[in-house]
Amino acid sequence: AVGLTTVALVLSLFANARCNLVKPEEGASSVLGFLLDLFLPESLGLWCVTYLGESVDISGDAGDNLNDFFLAARAMGTLTLCLGAILWIATLLSVATNNRRLPVWLVIVIGGLDLLNSFFQGLVFLLFQSDVCKGLSCKLDTGGICAIFAVLCWLVSGIVCILWAQRAK
């Protein structure tokens, strides 16, 4: 489970903290008008946009025009990373204390939280319902593919923990 948790956390980090979660479809135009079509983003993340190879921060005042779906996707990505880091540390501690066996209930809790984190990671795709993606006709970019695999890794890690705990009873 340590390996799966590590892979899931790294994939979630690539998906949620970089500027490549989604990108506009070919031929998409900016929702903001012709002038800004010249600055159509190459790629879009939860916290930044890439224009002409340069990353532009969209937090703070620059993110004031983002709708609820975008903000919810951003919150789910942040929650995934925070909970994922805690789960990773808990999993490492469980391996480090292999001489002292963890209580079965704690392993089930860790597995349940892995499953919950899988759900949170999947909710970053609320970004597709945001005004930004509706205007740009977004499609998956590299970070989006990482997010899909992160969902699967969190899910499998949770299932492995729960099955191991059931077997250990």
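Positions are given from 1, in the same order as the sequence printed here. Given the structure is predicted, the values throughout are model-derived calculations rather than measurements.
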Next item on the list: Please answer: with hydrophobic residues joined when any side-chain heavy atoms are less than 4.5 Å apart, are Leu44 and Leu21 in the same cluster?
Entry: yes
Margin query: Under the side-chain hydrogen bond (donor to acceptor under 3.5 Å, both in side chains) definition, can you give me all pairs with a residue in residues 75-88, not counting sequence neighbours?
Written below: Thr6-Trp88
Margin query: Under 4.5 Å between side-chain heavy atoms, counting indirect links through other Ile/Leu/Val/Met/Phe/Trp/Tyr residues: same cluster for Phe149 and Leu4 or not?
Written below: no
Checklist line | Atom of Leu81, atom of Ala17 and distance for their closest heavy-atom approach | finding: CD1-CB, 4.5 Å
Check: For residues 134-169, which residue pairs qualify under disulfide (SG to SG under 2.5 Å), counting only residues two or more places apart or in two chains?
Finding: Cys133-Cys138
Checklist line | Distance (rounded to the nearest 0.5 Å) between Leu79 CG and Gln121 CD | finding: 10.5 Å
Checklist line | Remaining members of the apolar cluster that contains Phe14, side-chain heavy atoms under 4.5 Å | finding: Val10
Item checked: Cluster link Val160 to Leu116, ILVMFWY, side chain under 4.5 Å -> no
Distance-only donor-acceptor pairs under 3.5 Å for side chains of residues 102-114, two or more places apart:
residue : atom : partner : partner atom : Å
Asp114  : OD2  : Ser157  : OG           : 2.9

Notebook entry, point to check: For the residue pair Gly77 and Leu46, what are the closest heavy atoms and their distance?
Noted result: CA-CD1, 4.0 Å
Note to self: Within the 4.5 Å heavy-atom criterion, are Leu83 and Trp154 side-chain neighbours or not?
What the structure shows: no
Item checked: Asp141: side-chain contact (heavy atoms from CB on, under 4.5 Å) partners, not counting sequence neighbours -> Asn20, Lys23, Ser43
Check: Looking at side-chain heavy atoms only, is the closest gap between Leu127 and Phe70 below 4.5 Å?
Finding: yes
Note to self: Hydrophobic cluster membership, with links at side-chain heavy-atom distances under 4.5 Å among I/L/V/M/F/W/Y: are Ile89 and Phe120 in one?
What the structure shows: yes
Margin query: Can you tell me how far apart CG (Asp131) and CG (Asp68) are? Round to the nearest 0.5 Å.
Written below: 9.5 Å
Note to self: With heavy-atom distances below 4.5 Å as the criterion, would you say the side chains of Leu140 and Ile148 are in contact?
What the structure shows: yes
Note to self: Rounded at 0.5 Å granularity, tell me how far CG in Asn16 sits from CG in Leu9.
What the structure shows: 10.0 Å
Checklist line | Atom CZ of Phe128 with >12 non-hydrogen neighbours under 6.0 angstrom | finding: yes
Check: So how far is it from Phe125 CZ to Met76 CE, rounded to the nearest 0.5 Å?
Finding: 14.0 Å
Check: Looking only at heavy atoms, what is the nearest atom pair of Gln129 and Lys134, with distance?
Finding: O-CE, 3.3 Å
Next item on the list: Indicate, with yes or no, if Val124 and Val151 share a hydrophobic cluster defined by side-chain heavy-atom contacts under 4.5 Å among Ile, Leu, Val, Met, Phe, Trp and Tyr.
Entry: no
Note to self: My understanding is that only residues two or more places apart in sequence, or in another chain, count here; which of them pass side-chain contact (heavy atoms from CB on, under 4.5 Å) with Leu115?
What the structure shows: Leu155, Ile159, Ile162
